[in-house]
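Structure, as structure tokens:
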Amino acid sequence: NCRKVSGPAKFLHNGTYLICDTAFWYVDRELIKAVGNVKIIQDRTVLTSDNLDYYIKNNLAQFRGSLVQLQDSDNNTLRTNFLDYNTKDSVAVFMDGGAMRDKDGQVIESLTGTYDSKIKLFTFNENVNMFTDSVFVRTSKLYYQSDSSLATFGLSTHAWKEDKMLSSEGGRYDRKKDIFFFKDKVHALSKTQEGWADSLYYYRYNSDIEMLGNVQLMDTVKEVGTLTG
């Protein structure tokens, strides 16, 4: 009931290739255990690792304990140790921590998350951190649309740049335009200024800030306070 395939082994299921050095195919259990230089290729999404268990009936590639890397068609790279990939739905689910580096070097990490290959959407949950070259963001949830390079933040969003910090209840970062947007209960703080607003735009290319709605601004150096609608 077990067939050993080697040298290298190659399987095709749901339009997905499973390639490895050696495979043990348990026919009755509908299980393939792949060992050595394991690669899953579906369309232009590629997963690599040292080993995996593939449950044929459930369309499930299950990686446990060894480093697994997922690379999408835009060269965004996710690395984790615990990942399930459904070859029918084209959805990956990672657990116990993972980090994704996009094609431009931005890093997003979280405890759990998913990747939907069909719509090119990464979802990050629990203790989410995003690192750009100068801005650090921490939030409760983050959606990253890889084809448009758009990151959308969830509740309890906090951002830091050097000695400046900001908190809000959501927002987004458009990497192509290099614009941050924060919304709902926005509070910004620096060494000399403190401000509140309903929403705030930060244009990274020229370091301009635009505050909108119920704006309050205090400048401790000039001892000036401003309030506008």
Side-chain angles (χ1 to χ4, degrees), residues 8-21 23 32 34 36-56 58-64 66-126 128-133 135 137 139 141-154 172-181 204:
K10 182 183 289 187
F11 299 85
L12 178 64
H13 187 241
N14 291 334
T16 304
Y17 284 100
L18 165 58
I19 304 170
C20 61
D21 290 341
I32 299 173
N37 296 309
V38 178
K39 186 176 289 187
I40 291 278
I41 304 174
Q42 186 181 66
D43 193 13
R44 295 177 62 192
T45 299
V46 180
L47 296 95
T48 56
S49 185
D50 292 331
N51 58 79
L52 72 81
D53 291 343
Y54 186 68
Y55 296 87
I56 301 170
N58 297 326
N59 310 298
L60 181 63
Q62 193 173 75
F63 301 86
R64 293 291 182 273
S66 61
L67 180 67
V68 54
Q69 175 175 291
L70 181 152
Q71 189 169 61
D72 70 1
S73 58
D74 297 309
N75 293 320
N76 301 294
T77 303
L78 171 71
R79 288 183 174 179
T80 182
N81 295 111
F82 297 88
L83 182 142
D84 292 343
Y85 186 74
N86 189 299
T87 59
K88 186 175 182 179
D89 297 335
S90 304
V91 173
V93 179
F94 70 88
M95 301 144 278
D96 291 344
M100 188 273 291
R101 179 185 294 272
D102 73 10
K103 57 183 178 295
D104 298 313
Q106 173 180 277
V107 176
I108 305 172
E109 62 181 22
S110 65
L111 288 180
T112 62
T114 63
Y115 172 64
D116 190 326
S117 178
K118 292 181 179 178
I119 59 176
K120 297 185 177 182
L121 177 65
F122 289 91
T123 302
F124 299 89
N125 305 303
E126 300 181 77
V128 184
N129 298 313
M130 185 183 81
F131 305 87
T132 71
D133 54 358
V135 178
V137 177
T139 185
K141 194 179 191 75
L142 190 150
Y143 299 98
Y144 183 71
Q145 196 74 46
S146 63
D147 56 351
S148 59
S149 299
L150 180 66
T152 303
F153 311 128
R172 62 180 180 268
Y173 174 45
D174 188 330
R175 188 168 182 82
K176 289 183 178 180
K177 296 180 180 178
D178 215 9
I179 298 173
F180 279 92
F181 170 72
R204 283 222 308 166

Donor on one side chain, acceptor on other, T77 and Q71, under 3.5 Å:
yes
Residue pair I19 / I41, side-chain heavy-atom distance below 4.5 Å:
yes
What distance separates T132 OG1 from D104 CG, expressed to the nearest 0.5 Å?
11.5 Å
For R175, does the CZ atom have more than 12 heavy-atom neighbours from other residues, nucleotides or ligands under 6.0 Å away?
yes
Close side-chain approach of F63 and L47, heavy atoms under 4.5 Å
yes
Straight-line distance of K88 NZ to N58 CG, nearest 0.5 Å:
11.0 Å
Count the heavy atoms of every other residue, nucleotide or ligand shown that sit under 6.0 Å from OH of Y55, and state whether that count exceeds 12.
yes
Would you indicate whether the side-chain heavy atoms of T80 and D96 approach each other to under 4.5 Å?
no
So if I apply the side-chain contact (heavy atoms from CB on, under 4.5 Å) rule between Y173 and each of I179, D178, L142, which one comes out positive?
D178
Distance only, no hydrogens: is a donor on one side chain within 3.5 Å (strictly under) of an acceptor on the other, for D53 and Q62?
no
Within the side chain of N14, is there an N or O that forms a donor-acceptor pair under 3.5 Å with the backbone of T16?
no
What distance separates D72 CG from M100 CE, expressed to the nearest 0.5 Å?
8.0 Å
K120 and Q145 have their tightest heavy-atom pair at O-NE2, 3.4 Å
How about Y143: does its OH atom have over 12 heavy atoms from other parts shown lying under 6.0 Å from it?
no
Can you name the closest pair of heavy atoms from K103 and S146 and give their distance?
NZ-O, 3.7 Å
Run the side chain to side chain contact (heavy atoms under 4.5 Å, CB included) test on F94 and F124 for me, step by step, so that the C-alpha distance in whole Å, both residues' side-chain angles and the decisive distance to 0.1 Å come before the verdict.
CA-CA 9 Å; F94 70 88; F124 299 89; 4.0 Å; yes
For the residue pair I32 and H13, establish whether any side-chain heavy-atom pair is separated by less than 4.5 Å.
no
Given T87 and L18, is the side chain to side chain contact (heavy atoms under 4.5 Å, CB included) satisfied, shown in steps?
CA-CA 10 Å; T87 59; L18 165 58; over 6 Å; no
Which of parallel (below 30°), tilted (30 to 60°) and perpendicular (above 60°) describes F122 and Y144?
tilted
Sub-4.5 Å side-chain heavy-atom contact between K141 and T123
yes
As an exercise, state the distance from NZ of K177 to CG of L150, rounded to the nearest 0.5 Å.
9.5 Å
Within the 3.5 Å criterion, strictly below it, is a donor on N59 or N86 matched to an acceptor on the partner's side chain?
no
Looking at D84 and R64, is there a salt bridge between them, counting it only when a charged N and a carboxylate O are closer than 4.0 Å?
yes
About how many Å separate CG of L83 and OG1 of T114, when rounded to the nearest 0.5 Å?
10.5 Å
Do you know the tightest heavy-atom contact between D89 and D116?
O-OD1, 4.5 Å
Pair S66-N51, side chain to side chain contact (heavy atoms under 4.5 Å, CB included): steps then yes or no:
CA-CA 7 Å; S66 61; N51 58 79; 3.6 Å; yes
Do you know which two heavy atoms are closest between R79 and L67, and how far apart they sit?
CB-CD1, 4.1 Å
Which pair of heavy atoms, one from Y85 and one from Q42, lies closest together, and at what distance?
OH-OE1, 2.6 Å
Decide side chain to side chain contact (heavy atoms under 4.5 Å, CB included) for Y115 and N76; before the verdict, give the C-alpha distance in whole Å, the side-chain angles of both, and the deciding distance to 0.1 Å.
CA-CA 11 Å; Y115 172 64; N76 301 294; over 6 Å; no
Within this structure, what is the CD-OG distance for the pair Q69 and S49, rounded to the nearest 0.5 Å?
10.0 Å
